[in-house]
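A quick note: this is a predicted structure, and the numbers were derived from the prediction, not measured. Below, read A as the first sequence line, B as the second, and so on, with proteins coming before strands; counting in each chain starts at 1.
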Amino acid sequence: MRGRTETVMSDYNFTSIEKKWQKRWLEEKTFKTDVRAPGEKFYCLDMFPYPSGAGLHVGHPEGYTATDILCRYKRMKGFNVLHPMGWDAFGLPAEQYAVETGTHPAVTTAKNIARFREQIRSIGLSYDWDREVDTTDPKYYRWTQWIFEQLYKKGLAYVAEVPVNWCPALGTVLANEEVIDGRSERGNHPVIRRPMRQWMLKITEYAERLLKDLDKLDWPEGIKEMQRNWIGKSTGALVDFKVEKLKSCEVEKQEDTVTVFTTRCDTLFGATYMVVSPEHKLVAKWLKEGLIENAGEVSEYIRKASMKSDLERTELNKEKTGVELRGIKGVNPVNGDRLPVFISDYVLASYGTGAIMAVPAHDERDFDFAKVFNLPVYQVVAQSGEQGTGNGEPGTGNGRVPYTGSKAFTDIASGVMVNSGFLNGLSVEEARPAMIKWLEEKGVGRAKTQYKLRDWLFSRQRYWGEPFPVIHWEDGTQSLVPEEDLPLTLPELADYKPTGTGEPPLAKAKEWVNVVDPKTGKKGVRETNTMPQWAGSCWYYLRYIDPLNDKCFADPELLKKWLPVDLYVGGAEHAVLHLLYARFWHKVLFDLGFVPTDEPFRKLVNQGMILGTAYKTKRGVLVPMDKITWRDGKPWGAEPAEEGKEPNPEEELVEFPAKMSKSLKNVINPDDVIRDWGADSLRLYEMFMGPLQAVKPWSTKGVEGVFRFLKRTNRLVTETAVEDRDMSREEAASLARMVKKVSADVETMNFNTAISAMMIFINDAEAQAKKAGNLPRRYVETFVLCLSPFAPHLCEELWEGLGHSRSIQFEKWPGYDESALVENEVEIPVQVMGKLRGRVKIPAGAAADVAEKAAAANPDVAKFLEGKTIVKTVFVPGRMVNFVVK
RNA sequence: GCCAGGAUGGUGAAAUGGCAGACACAGCGGACUUAAAAUCCGCUGCUCCGUAUAGAGCGUGCGGGUUCGAGUCCCGCUCCUGGCACCA
């Protein structure tokens, strides 16, 4: 690959061309946005990266190139384009590096940002670099803290003692989203549950609006659906169950009420037991009051449940566990049945009321539990048309009829109520409101909407994050750092290690922590938690609009002009986290009157992941690239041997795309691609691989293909005589086809087919040049204009070579001549019984009889018509003819 | 289990219900060259038939359906990828 550089350089010297134009763009601020200039705005946003030590990977330029092409195109169409870039730079890796080496995270971060900026510039992306933001810059996080204060003042931030995901290895608490199968997303360490004092944000208060407003967003349906599931709205009812302490059939005590949440209140007649979560407040109360006869057993279960990590809770759930609370019974309000009450960890304290009524006949989980504990299972819903099940006809049953099925019957759509008193004969849909009405009339229940969404755990026990601008005073009060004193900057620390006790590293900065009120002399301590990484990314798109403003986070006039973001492009991995949090903050700022729109991102596009090439064995085991030997161009390798065993025999491997990873050694570095083929080839290939949204495997051969196209373009434009002559009919047609296709495809972001249209054009153009010995100026220049958003460096160079002194970015996007596309004669396919049998040339716009006559006369067609009667003829003008024969 | 998305040549892919495989990669053959690289020209879905021009059949994961006509629309499956998962 390196060896042929010399030959390559002699005709298409991409390295010097790209350096030259990148330098010029930067010096001349070619892409500077005047946010106050008139003109229709286009705000195009890329998800800003975390500047890791590893540098860019080929996934980054994919989305960035797509938006860059669109932005360059929009500028040429006369739009005022805002296209910025910045750094989401708070986060754990820089802090862990600091723990290991003692280097301040700010130093590491600055170094990584410099590298990222350099790499991004080497791709030729048209950002306005005067708008760069960095979430770790005090001038930036001053406003992150300021927004937190607004949330606090609105009552949306509070401190709570909550069971959290504590990761001993990282010495910190993690958000639910950062825990995967009971292990930390970062580092894969075990996570346990432990109650701790934490900052929470009341995102639940916005659940309904976050759900409802999804409908008006132009986002991928899948992402919207994921957010809907995450918010998890369900409508049902709260039902009150009295709890009795019984003593030899006499009610000794009845004062407590357990309220359950259910979406199936229609099945209330079928409830055969109740379950409360081990953490339920009443359980502790009953134990204290001595109501529970088997208190020892119950306490032991509670203790074990609290020790379990989420992973264990999930894993052990294959077999249901629990303990009955002996001595008390719940009373079913609809029929007075006395029900046993259990505690079990299959009921979550954090959802609904932490208590359920169990209807094993019509709920899978209850059914499983009932089988383990041998509890009665009563049928109250039957398949429509089978109402005879149970004790007879609909409308008559009211008994406790055992359900005999082998699994729970949960079909809501076809279910009909049986054995349920006043509900008998109703469908499930009808029975629900009927039961709610009954519950409300008796005062023992009411309709209720419940969400899965929990409040946002907003604090981390880390150093490298935004400090909370909060002071806790010795008298127990709490106050915010005054807005004018922001930012509250991070103190210097000698030692960034987690304390391991859960107390954050900031607690070590004694001078910073301890404060004295200058007026009253009151003593206080600063909050030592820091904000999670999501904080800075929740509002960065607002700061880009007015990044240097030191009076407010952004000028309201400019926000009014530039919001919402017109297009947001990034990876699908942020589907629920970043995008939900950012929407939440935006809505709060909207309610407070700080932003003019209630949603931040109008249109969202997710680019698909780029996979690496990998090879697997017959059994499907992936073999790292450096363990593969090539024989006759075929890959051979062996599965890694188990410890202490004989090595496995080598076998021929099969190509299999897989995520790029260090362990597979198949990571493609954009720097290498740029060195060998240039940034324009990198850009073009990333777009040519396939649709932006699709997951696609990287192919080095594919890069060579687009490189060849650029080389041919360069040669055609620089080595063909360009004349000021009119285009031939053929030239005009091929040019118009290309411009039309490229314009339409860029608008819809189908970059792969736009590039293929330009490849078709260059094939045509080479033939034309050969034939005529020269090419018309308009023909060549229009092509260079169309290619310029895709391969900007080469096109600037060619444009200059064509005698223009101004950057091609300032030119108008070309139109096309519709009349050049009109043809005199068209060739259309002829089918007999829907099978293609021949083609005929007919005048464009020919009438049906003319076309049919010509079609029937075609010898290839005629032989299939011979001896047959034409029953029907289908003619689609300009498209095809089809004969139906008998 | 639930939700979403997908399945088209050797590969990446393209195709308003109207010529399936555009464009590119790989492969094969040729030109140029002492040679190689680069470049250029031609062929390239599968099967059959044939000296060849040509021709025939099959073909968009599987099974049905609608239609003059289905990769595309409808019904029923299979497999893959991602997300969620004891949320009552």
Side-chain angles (χ1 to χ4, degrees), chain A residues 3-4 6-8 10-11 181 220-226 228-230 232-234 236 260-265 267 275 313-314 316-318 320 344-348 350-359 362-366 368-369 450-454 572-573 575-576 606 608-609 611 613 633 655 657 685 688-691 693-706 708-709 711-712 715 750 752-760 762-763 766 827-839 860 871-876 878-885:
Chain A
R4 57 153 210 272
E6 208 175 311
T7 10
V8 162
S10 64
D11 59 353
D181 291 336
E221 217 29 67
I223 299 289
K224 291 206 266 187
E225 202 53 35
M226 279 163 74
R228 287 191 192 106
N229 291 339
W230 192 264
K233 180 179 182 173
S234 52
V260 304
F261 173 70
T262 175
T263 54
R264 291 299 304 275
C265 64
T267 62
V275 187
R313 277 204 176 195
T314 318
L316 295 177
N317 273 329
K318 284 178 183 112
K320 296 263 185 291
S344 170
D345 63 4
Y346 89 90
V347 170
L348 307 174
S350 51
Y351 182 76
T353 59
I356 62 155
M357 66 176 203
V359 186
H362 305 293
D363 183 283
E364 306 277 1
R365 299 150 300 182
D366 297 347
D368 293 345
F369 189 87
Q450 190 68 46
Y451 299 90
K452 275 198 254 182
L453 185 71
R454 312 286 158 82
E573 66 274 19
V576 281
N606 292 120
M609 197 181 2
L611 302 176
T613 310
E655 194 174 313
Y685 177 63
F688 187 60
M689 292 170 85
Q693 296 84 347
V695 175
K696 30 198 185 276
W698 182 270
S699 149
T700 297
K701 287 289 182 191
V703 188
E704 291 181 43
V706 295
R708 238 168 277 172
F709 164 69
K711 212 157 45 155
R712 284 165 67 194
R715 196 170 46 214
N750 295 117
N752 54 332
T753 48
I755 293 167
S756 107
M758 290 187 283
M759 286 173 165
I760 293 169
I762 202 89
N763 290 342
E766 279 174 344
E827 193 183 57
I828 60 165
V830 182
Q831 301 177 345
V832 178
M833 298 301 283
K835 272 186 195 278
L836 177 72
R837 294 304 182 186
R839 297 164 221 276
D860 292 333
V871 195
K872 186 179 173 185
T873 310
V874 182
F875 172 63
V876 184
R879 303 291 298 206
M880 50 82 65
V881 175
N882 186 15
F883 294 109
V884 186
V885 298

Given atom [atom1] of [X] and atom [atom2] of [N], what is their separation to the nearest angstrom?
X      : N     : atom1 : atom2 : value
A:M880 : B:U16 : CE    : P     : 16 Å
A:I760 : B:A14 : CD1   : C1'   : 10 Å
A:K224 : B:C3  : NZ    : P     : 19 Å
A:E704 : B:A37 : CD    : P     : 13 Å
A:L611 : B:G82 : CG    : C1'   : 12 Å
A:L348 : B:A85 : CG    : P     : 11 Å
A:I828 : B:G18 : CD1   : P     : 15 Å
A:K696 : B:A24 : NZ    : P     : 20 Å

Quote, to the nearest angstrom, the [atom1] distance that separates [N] from [M].
N     : M     : atom1 : value
B:C46 : B:G10 : P     : 7 Å
B:U8  : B:G61 : C1'   : 10 Å
B:A13 : B:G6  : P     : 13 Å
B:A26 : B:U39 : P     : 10 Å
B:G83 : B:G45 : P     : 38 Å
B:U66 : B:C84 : C1'   : 36 Å
B:C25 : B:C43 : P     : 15 Å
B:U72 : B:C80 : P     : 22 Å

Tell me whether the side-chain N/O atoms of [X] come closer than 4.0 Å to OP1 or OP2 in [N].
X      : N     : result
A:K835 : B:C58 : yes
A:K701 : B:G12 : no
A:Y351 : B:A88 : yes
A:N752 : B:C23 : no
A:N763 : B:A24 : yes
A:T753 : B:A22 : no

Of all the nucleotides listed ([options]), which has the minimum atom distance to the side chain of [X]?
X      : options             : result
A:V876 : B:G18, B:A88, B:U39 : B:G18
A:V347 : B:A88, B:G57, B:G12 : B:A88
A:P697 : B:A20, B:G55, B:G12 : B:G12
A:N882 : B:U39, B:G18, B:A24 : B:G18
A:M226 : B:A56, B:G83, B:A22 : B:G83
A:M759 : B:C84, B:A24, B:G18 : B:A24
A:S756 : B:A14, B:A24, B:A22 : B:A22

Would you check if [X] and [Y] make a side-chain contact, meaning some heavy-atom pair closer than 4.5 Å?
X      : Y      : result
A:F688 : A:M759 : yes
A:P220 : A:Q693 : no
A:D366 : A:I356 : yes
A:N229 : A:E225 : yes
A:R712 : A:N763 : yes
A:M833 : A:V884 : yes
A:M357 : A:T267 : yes

Tell me if B:G9 is syn or anti. Syn = glycosidic torsion within 90° of 0, anti otherwise.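 Syn conformation for B:G9.
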Nucleic acid footprint by protein, nucleotides 40-50 of chain B - heavy-atom cut-off 4.0 Å, B for base, S for sugar-phosphate alone: S----------
With sugar-phosphate meaning primed atoms plus P, OP1 and OP2, does [X] contact a base, only sugar-phosphate, or nothing at under 4.0 Å between heavy atoms?
X      : value
A:S234 : sugar-phosphate
A:E225 : sugar-phosphate
A:F883 : nothing
A:E827 : base
A:G352 : nothing
A:P220 : nothing
A:V695 : sugar-phosphate

Angle between ring planes, A:Y685 versus A:W698, binned at 30° and 60°: parallel, tilted or perpendicular?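 Answer is perpendicular, since the angle exceeds 60°.
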If every non-hydrogen atom of A:Q450 is compared with every non-hydrogen atom of A:F261, which pair is closest and at what distance?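 Shortest heavy-atom separation between A:Q450 and A:F261 comes out as CB-CZ, 3.4 Å.
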Provide the closest heavy-atom pair for A:I223 versus A:A575 in the form atom of the first, atom of the second, distance.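 Heavy atoms of A:I223 and A:A575 come nearest at CD1-CB, 3.5 Å.
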Polar side-chain atom of A:K696 near backbone of A:A694 as donor-acceptor pair, under 3.5 Å: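 Flag set: sc A:K696 to bb A:A694 pair under 3.5 Å.
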Does a side-chain N-to-carboxylate-O contact under 4.0 Å join A:R228 and A:E221?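 A salt bridge is present here (some side-chain N lies under 4.0 Å from a carboxylate O).
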With RNA chain B as reference, determine whether A:D366 or A:P829 sits nearer its 5' end, using the nearest nucleotide of each.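 Here A:P829 is the residue nearer the 5' end.
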My validator wants the stems of RNA chain B: runs of 3 or more consecutive Watson-Crick or G-U pairs, both distances under 3.5 Å, written as range with range.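 As far as RNA chain B goes, consecutive pairing (with distances under 3.5 Å) yields the stems B:1-7 with B:78-84, B:10-12 with B:23-25, B:27-31 with B:39-43, B:45-48 with B:55-58, B:61-65 with B:73-77.
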Can you tell me how far apart CD1 (A:I762) and CZ (A:R715) are? Round to the nearest 0.5 Å.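 So the CD1 of A:I762 and the CZ of A:R715 are separated by 9.5 Å.
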